[in-house]
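Count residues from 1 along the sequence.
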Amino acid sequence: MSPTVQGVATTLSLLVLAASAIRASIPEHEGVMSFGVAVESAVTSAAPSPPCTQCNARRWPPSVCCVSGTFCCGYRTCCANGQACTVDDVCINVTSAPPVPPGPQAAGQLEWAAFTDYLVSQPLVSSKDNVIAVGGIKMAGYTLSDGTPQWTSSVQLQPGTTPQLASALSDGSSVIVTVDQFYNVIALEPRTGAIRWTYTSPSQTTYFACSLLIGQGDVLLVTGSDSIVGISLLDGTVKWTVSTSVAQNCAPTPATESHFIILDVNGTLKALDTTTGHVDWQVRNIMVSEASDVMYTEGIVVINQPVEADGTFTAYLSSTGAVLWNYNYTINGATPKVFAGHLFWTSTGFSNMHIHVISCRTGVVQWRWLVTYLDGYYPSVRGAFVPEGQPSSRLVMLVNDDVSLIAVQQGKILWNDTGVTATTPILHSSGKLFLGAESSVVAIDARSGSRLWTHATQAVVTSPVTLSADADGLPRLFVGATDYFLYAFKP
């Protein structure tokens, strides 16, 4: 035997002797035959785990098991009793409902507040009976009068898609249309939440560049990867199909007009007849980029065509496609916006900025407003309106800075409400402005700027302010907040 082999054999013999000595030093106990069994016996003799509920025993990897005093929130989270589980499977502490003063309520007072298990991003008033609260992937209906829950939709919404209300259809009914997680178009009954019809695109892949647009003649426009489809809002059947490249952007013309306005990636602006899908007019060779904007206001389509450091605004008559005007500008400011028949765009300098107000009908600059800003903060145009009984030239522009809401008319400050920073779009109705401002809802007299009322919410307002009336004609304001409540105020 070689020395190497002999050394290995000696080592193995020593290891065997050492193992035997260790085994001999362990006292014999009933049921203990080896190290492995001894460990197993020690484990099984420990105190048993408290009973629990398996959240989803069929799932792999295994889900959590929730003990007494907790409940399953999804399959990975256990919420304590008294908490709520959101649609995102997050446990939240339920805030007590805000107190409602005894009626009848005065303007600005809370009428009711309903708890939801999701953040409301859009109160959608569907009829004179219900308000539909939309948030994230969920949608539910509540009574307008007292906030009683009516239904919760089983449809999981496609994130980023805004449900639309189609009211006053030819058969007298209304529907809510949305896109589900599988890119199917779904129509729901507003009063019950029941599914009225479903449309599934025949394309293997579907891309909704314009989401959903509601047009005249009970038609819903759906933009897909290789076609544009007009669907009947009554039953979901296809009324027409137009083969076209994917739309770059869309101007959502209102239902009172007869066209859908489409800008495709090839730079062609098209007007599709809502009832037939026929291309009534088109304009070619439009510069298209990621920064291109198609805006619509009062029968006029305005296209923003930025090119490097410069750009051009072009306005078209939506009924015929006739060019109304062109306006060349230098890019150095905020994204242009349209409100109340006017175009607003911003140019900035070293220590100041100008907000330009252009008539969409003529292309003429109505006026400019010079703003001096500090610390690089740019005031933002939040809306505009024409006071009742005044010509369009008397338009009032609403601008927000760090600390105030400013109304500007013909380049001069009309009023300044210090302490109000709009965190939602501004609603103008019957000479009043309604808006969410951090953790409160505010009403302002549009002409004088005087504060009509302010009502604090328990958390930051997360949705636009929506105004509607119930079956008795009583108006209400609706907002959602980060405390997971839907609020109803008397305006």
Can you confirm whether more than 12 heavy atoms, excluding those of K337, are under 6.0 Å from its NZ atom?
yes
First locate atom SG of C360, then atom OH of Y296, and finally report the distance between them rounded to the nearest 0.5 Å.
11.0 Å
If you measure from the Lys or Arg side-chain nitrogens to the Asp or Glu carboxylate oxygens, is any gap between R76 and D89 under 4.0 Å?
no
Can you tell if the side chain of W240 reaches within under 4.5 Å of the side chain of I228, non-hydrogen atoms only?
yes
Looking at CD1 of I355 and OG of S380, how far apart are the two atoms once the value is rounded to the nearest 0.5 Å?
8.0 Å
Side chain of T466, backbone of P123: donor and acceptor closer than 3.5 Å?
yes
How would you list, by chain and number, every residue that makes a side chain to side chain contact (heavy atoms under 4.5 Å, CB included) with P464, sequence neighbours excluded?
P425
Run the side-chain donor-acceptor check on residues 133-141: report pairs under 3.5 Å with partners two or more places apart or on a different chain.
{"unit_1": "K138", "atom_1": "NZ", "unit_2": "D117", "atom_2": "OD1", "d": "2.8"}
{"unit_1": "K138", "atom_1": "NZ", "unit_2": "D117", "atom_2": "OD2", "d": "2.9"}

Would you please test H356 and S347 for side-chain hydrogen bond (donor to acceptor under 3.5 Å, both in side chains) and show each step?
CA-CA 8 Å; H356 307 254; S347 62; 2.8 Å; yes
Could you tell me which non-hydrogen atom of L427 sits nearest to which non-hydrogen atom of V465, and how far apart they are?
CD2-O, 3.9 Å
Closest approach of A187 to V177 (non-hydrogen atoms, all atoms of both residues):
CB-CG1, 4.1 Å
So which atom in L405 and which in W415 form the shortest heavy-atom distance, rounded to 0.1 Å?
O-CZ3, 3.6 Å
Sub-2.5 Å SG contact, C72 and C66:
no
Taking every non-hydrogen atom, the tightest pair across S463 and V120:
CB-O, 3.5 Å
So CD of Q105 and CZ of R476: to nearest 0.5 Å the spacing works out to 8.5 Å
Only pairs at least two apart or in different chains count here, so list each salt bridge (charged side-chain N to carboxylate O under 4.0 Å, His left out) that has a residue in residues 479-491.
none
Quick check for you: to the nearest 0.5 Å, what is the distance between I92 atom CD1 and C85 atom SG?
9.0 Å
Flag the pair Q216 / V219 as yes when at least one side-chain heavy-atom distance between them is below 4.5 Å, and no otherwise.
no
Would you confirm whether R382, through its side chain, and A422, through its main-chain N or O, come within 3.5 Å as a donor-acceptor pair?
yes
Are any of the side-chain heavy atoms of T70 and N81 separated by less than 4.5 Å?
no
Looking only at side chains, do D445 and S450 share a donor and an acceptor under 3.5 Å apart?
no
Passes side-chain contact (heavy atoms from CB on, under 4.5 Å), D417 versus S404? Steps please.
CA-CA 5 Å; D417 190 334; S404 61; 5.8 Å; no
Indicate yes or no: does D264 engage K270 in a salt bridge with an N to O separation below 4.0 Å.
yes
Does some side-chain heavy atom of L221 sit less than 4.5 Å from a side-chain heavy atom of I231?
no
Could you tell me whether the side chain of W197 and the main chain of L233 form a donor-acceptor pair under 3.5 Å?
yes
Do N93 and Q83 have a side chain donor and acceptor closer than 3.5 Å?
yes
Checking the side chain of N130 only, and the main-chain atoms of R191 only, is there a donor and an acceptor separated by less than 3.5 Å?
yes
Could you check if a side-chain atom of L188 sits within less than 4.5 angstrom of a side-chain atom of V175, using non-hydrogen atoms only?
no
Pairs in or reaching into residues 87-115: which pass ring pair (Phe, Tyr, Trp, His ring centres under 6.0 Å), with residues at least two apart or in two chains?
W112-F478, F115-F485
Quick one about S173 and R196 (side-chain donor to acceptor, distance below 3.5 Å, no hydrogens or angles considered), yes or no?
yes
Kindly indicate whether the side chain of L119, heavy atoms from C-beta on, has any atom under 4.5 Å from the side chain of Y484.
yes
L272 and G277 have their tightest heavy-atom pair at CD2-O, 3.9 Å
Is any side-chain heavy atom of M295 closer than 4.5 Å to one of L343?
yes
Any luck finding a side-chain donor-acceptor pair between Q150 and Y142 under 3.5 Å?
no
Does D180 use its side chain to pair, donor to acceptor, with the backbone of V185 at less than 3.5 Å?
no
Sort and list the pairs that fulfil ring pair (Phe, Tyr, Trp, His ring centres under 6.0 Å) and have at least one residue in residues 442-466, not counting sequence neighbours.
H455-F489
Under a 4.5 Å cut-off applied to non-hydrogen side-chain atoms, are L220 and Y199 in contact?
no
Rounding to 0.5 Å, atoms OH (Y487) and CD (E111) come to a distance of 15.0 Å
Start with the C-alpha distance between L395 and F344, add both sets of side-chain angles, then the distance that settles side-chain contact (heavy atoms from CB on, under 4.5 Å), and finish with yes or no.
CA-CA 12 Å; L395 170 131; F344 302 82; 3.7 Å; yes
Knowing that exactly one of C73, C79, C78 qualifies, which makes a disulfide (SG to SG under 2.5 Å) with C91?
C79
Roughly how far, to the nearest 0.5 Å, is CG of L124 from OG1 of T162?
10.0 Å
What pair of heavy atoms forms the shortest contact from V461 to S440, and how long is it?
CG2-O, 3.7 Å
With sequence neighbours excluded, tell me which residues meet salt bridge (Lys or Arg N to Asp or Glu O under 4.0 Å) with R447.
none
Do I132 and W151 pass the side-chain contact (heavy atoms from CB on, under 4.5 Å) test, and can you show the C-alpha distance, the side-chain angles, and the key distance before you say yes or no?
CA-CA 9 Å; I132 285 79; W151 53 265; 3.5 Å; yes
Under a plain distance cut-off of 3.5 Å, with no hydrogens placed, do D218 and S170 share a side-chain donor-acceptor pair?
yes
Apply side-chain contact (heavy atoms from CB on, under 4.5 Å) to the pair I413 and I406, showing each step before the final yes or no.
CA-CA 7 Å; I413 294 178; I406 306 169; 4.0 Å; yes
Would you check if there is a donor-acceptor pair between the side chains of T198 and N184 at a distance under 3.5 Å?
no
